[in-house]
Amino acid sequence: MRENRPGEQDAQQEPEQVQTEPQGLADDADGSEAAPDGPHAPELVIVTGMSGAGRSTAAKIFEDLGWYVVDNLAPTLIAPMVDLVMRESRSTDRLAFVVDVRGRAFFDTLRSTLDELDSAGLNHRIVFLESEDDVLVRRYEGVRRPHPLQGEGRVTDGIERERELLRELRGEADLVIDTSARNVHELRTAIESAFGDSDDVPLRATVMSFGFKYGLPVDADLVADVRFLPNPHWVPELRPRTGQDPEVSGYVLSQHGAKEFLDRYAEVLNIITEGYRREGKRYMTLAIGCTGGKHRSVAMSEQIAARLSAEGVDTVVVHRDMGRE
């Protein structure tokens with residue numbers, strides 16, 4: 001049976017729109033216009049991204065994690081919804097808004113809404129779901145639905161318009177998740193690793209091994225190339241194993257330059273992680289690549305993740321292409 005992909009449900013149906021009476025955010029941070037117990041500022045997440053990349057799937061995952069999720073909400077209604085929660089619902093402490101951007105007017109409204117939240121001192125995080133063009137085309141063709149922005153053109157025309165429209169928002173996202181090669185379970189793991197508990201973790205890192213022959217990860221903040229190390233693929237007894245095997249890992253780490261790379265890269269990451277913490281950035285995705293994503297990148301990713309964890313960074317390791325050969 002074929003494994004469902006995150007964006008397939010998005011292309012099949014349009015969620016019901018929520019309607020509320022618009023009103024402003026609480027006027028003062030001291031709660032002068034709020035409930036008697038004072039304003040209650042919930043944790044806020046805006047889930048957006050490419051149509052067909054898995055927004056509806058992400059909404060269900062956030063719900064399962066205990067978030068109050070509002071799907072397909074017009075951007076103009078986000079601030080009134082937050083205001084309502086701050087004034088009247090002290091039991092709702094985590095809100096996720098799933099927003100799609102159907103045109104320039106919607107995008108401009110979302111931009112002004114985010115600015116309004118910033119002005120009110122309400123911290124929010126943006127999760128952007130991404131996918132490759134050919135994957136999006138296959139998903140839309142599979143459910144026989146048009147792209148919301150294609151008009152009289154092709155699906156690819158709609159994808160191109162949407163990608164250009166969202167370019168700035170993607171650049172501002174706190175977390176970008178590429179669902180091109182992820183099934184729904186892998187998307188759940190990615191979201192759970194970032195939002196699965198309410199503990200105040202200052203920085204979470206995903207260390208991802210990958211193979212260059214399968215393409216660069218589009219959701220990586222930093223990419224490192226370890227193809228300068230000898231490839232265990234050419235050692236017959238190591239070829240069928242992976243970088244998680246102690247013998248393969250030992251072979252990779254014993255090569256000239258391996259330890260020096262880890263030491264220097266760790267120094268660079270220390271500078272970057274401290275800067276991210278100062279800037280309030282909570283997520284970091286590091287991609288470590290070799291030719292096939294099976295030996296060198298896997299072994300080095302495990303080592304880098306261990307060093308980050310030792311520095312107090314909450315770290316998850318993902319081996320994107322291991323097993324694809």
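FYI, side chains are in, hydrogens and waters are out, and symmetry mates aren't considered; it's all heavy atoms of this structure. Start at 1 with the first residue, then count along the sequence.
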Visitor: Check for me whether R94 meets the cation-pi criterion with Y68, that is, NZ or CZ under 6.0 Å from the six-membered ring centre and within 45 degrees of the ring axis.
Guide: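 Judged by the rule, R94 and Y68 form no cation-pi pair.
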
Visitor: Closest approach of F195 and L65, non-hydrogen atoms and distance?
Guide: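 Heavy atoms of F195 and L65 come nearest at O-CD1, 4.1 Å.
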
Visitor: After noting the C-alpha distance and the side-chain angles of L136 and V155, does the key distance pass the side-chain contact (heavy atoms from CB on, under 4.5 Å) rule?
Guide: CA-CA 9 Å; L136 295 175; V155 171; over 6 Å; no

Visitor: If hydrophobic clusters are built from ILVMFWY residues whose side chains come within less than 4.5 Å, do Y276 and V313 share one?
Guide: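 Yes, Y276 and V313 fall within the same hydrophobic cluster.
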
Visitor: Please find the pair of heavy atoms, one from T113 and one from A79, that lie closest to each other, and give the distance.
Guide: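 What the structure gives for the nearest pair is CG2-N, 4.3 Å.
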
Visitor: Which is it for D157 and R161 under the salt bridge (Lys or Arg N to Asp or Glu O under 4.0 Å) test, yes or no, and what are the steps along the way?
Guide: CA-CA 6 Å; D157 297 326; R161 292 187 187 110; 5.2 Å; no

Visitor: Could you tell me if S209 and R296 have a donor-acceptor pair between their side chains, going purely by distance under 3.5 Å?
Guide: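 S209 and R296 do not have a side-chain donor-acceptor pair below 3.5 Å.
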
Visitor: Which heavy atom of K294 sits nearest a heavy atom of V298, and at what distance?
Guide: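 Heavy atoms only, the tightest pair is O-CG2, 3.4 Å.
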
Visitor: Between atom CG of D225 and atom CD1 of I288, what is the distance when rounded to the nearest 0.5 Å?
Guide: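 Those atoms lie 9.5 Å apart.
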
Visitor: Compare all side-chain heavy atoms of F97 with those of V47 and state whether any distance is below 4.5 angstrom.
Guide: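 No, their side chains stay 4.5 Å or more apart.
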
Visitor: May I have the step-by-step check of salt bridge (Lys or Arg N to Asp or Glu O under 4.0 Å) for E172 and R111, ending in yes or no?
Guide: CA-CA 11 Å; E172 296 178 8; R111 176 72 272 158; 2.4 Å; yes

Visitor: Do the non-hydrogen side-chain atoms of P217 and D178 ever get within less than 4.5 Å of each other?
Guide: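 The answer is no; the side chains never approach within 4.5 Å.
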
Visitor: Are L169 and L73 in one and the same hydrophobic cluster, where Ile, Leu, Val, Met, Phe, Trp and Tyr link if side-chain heavy atoms are under 4.5 Å apart?
Guide: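 Yes, one cluster joins them.
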
Visitor: If you apply the rule salt bridge (Lys or Arg N to Asp or Glu O under 4.0 Å), what do you find for D263 with K259, and how did you get there?
Guide: CA-CA 6 Å; D263 291 342; K259 184 178 183 301; 2.9 Å; yes

Visitor: Checking salt bridge (charged side-chain N to carboxylate O under 4.0 Å, His left out) against R170, which of E130, E162, E164 comes through?
Guide: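 Of the listed options, the one satisfying the test is E130.
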
Visitor: Fit a plane to each ring of W67 and F62, take the angle between them on a 0 to 90° scale, and name the class: parallel (under 30°), tilted (30 to 60°) or perpendicular (over 60°).
Guide: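 If you compare the ring of W67 with that of F62, the planes turn out perpendicular.
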
Visitor: Find the distance between CD (Q244) and CD (E302) and round it off to the nearest 0.5 Å.
Guide: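 One finds 5.0 Å between CD of Q244 and CD of E302.
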
Visitor: Compare every heavy atom of H295 with every heavy atom of T242, then report the nearest pair and how far apart it is.
Guide: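 Heavy atoms only, the tightest pair is CA-CD2, 4.2 Å.
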
Visitor: Would you say the side chains of S180 and S131 form a donor-acceptor pair under 3.5 Å?
Guide: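 Distance-only check passes for S180 and S131.
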
Visitor: Rounded to the nearest 0.5 Å, what's the gap from NE2 on H124 to CD1 on I78? Could you check?
Guide: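 Going from NE2 on H124 over to CD1 on I78, the span is 9.5 Å.
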
Visitor: Any chain of hydrophobic side-chain contacts (each under 4.5 Å) joining L216 to M208?
Guide: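 Unlinked, L216 and M208 end up in two clusters.
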
Visitor: List the steps and the verdict of salt bridge (Lys or Arg N to Asp or Glu O under 4.0 Å) for R188 and D64.
Guide: CA-CA 10 Å; R188 176 178 293 274; D64 292 343; 2.8 Å; yes

Visitor: Under the 3.5 angstrom rule, does the side chain of R55 hit a backbone N or O of V98 as a donor-acceptor pair?
Guide: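 No; judged by distance alone, with no hydrogens or angles, the pair does not exist.
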
Visitor: Side-chain heavy atoms under 4.5 angstrom apart, residues restricted to Ile, Leu, Val, Met, Phe, Trp, Tyr: same cluster for L269 and F210?
Guide: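 Each belongs to a different hydrophobic cluster.
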
Visitor: After noting the C-alpha distance and the side-chain angles of L187 and I61, does the key distance pass the side-chain contact (heavy atoms from CB on, under 4.5 Å) rule?
Guide: CA-CA 9 Å; L187 176 58; I61 295 170; 4.0 Å; yes

Visitor: Determine, for R182 against D219, whether the closest basic-nitrogen to carboxylate-oxygen distance falls under 4.0 angstrom.
Guide: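 Salt bridge present between R182 and D219.
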
Visitor: What is the minimum heavy-atom distance between P75 and V99, and which atoms define it?
Guide: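 For P75 versus V99, the nearest heavy atoms are CG-CG1, 4.0 Å.
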
Visitor: Are I46 and L44 linked, directly or through other ILVMFWY residues, by side chains that come within less than 4.5 angstrom of each other?
Guide: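 In one cluster with I46: L44, yes.
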
Visitor: Please lay out, stage by stage, how L286 and M284 fare under the test side-chain contact (heavy atoms from CB on, under 4.5 Å).
Guide: CA-CA 6 Å; L286 309 176; M284 176 174 64; 3.7 Å; yes

Visitor: Given the ring of Y214, does R320 sit roughly above its face, with NZ or CZ under 6.0 Å from the centre of the six-membered ring and within 45° of the axis?
Guide: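 That pair does not qualify as a cation-pi contact.
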
Visitor: Where do T273 and E311 land on the side-chain contact (heavy atoms from CB on, under 4.5 Å) test, with the steps shown first?
Guide: CA-CA 10 Å; T273 54; E311 294 295 325; over 6 Å; no

Visitor: Can you tell me how far the CG atom of L175 sits from the OG1 atom of T285, to the nearest 0.5 Å?
Guide: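 Separation between the atoms: 6.0 Å.
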
Visitor: Calculate, to the nearest 0.5 Å, the distance between atoms CG and CG belonging to N123 and D118 respectively.
Guide: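 Spacing of CG (N123) from CG (D118) equals 8.0 Å.
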
Visitor: Would you mind listing every ring pair (Phe, Tyr, Trp, His ring centres under 6.0 Å) that reaches into residues 218-245, with sequence neighbours excluded?
Guide: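 Counting only pairs at least two positions apart or across chains, the ring pair (Phe, Tyr, Trp, His ring centres under 6.0 Å) contacts touching residues 218-245 are F228-F261.
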
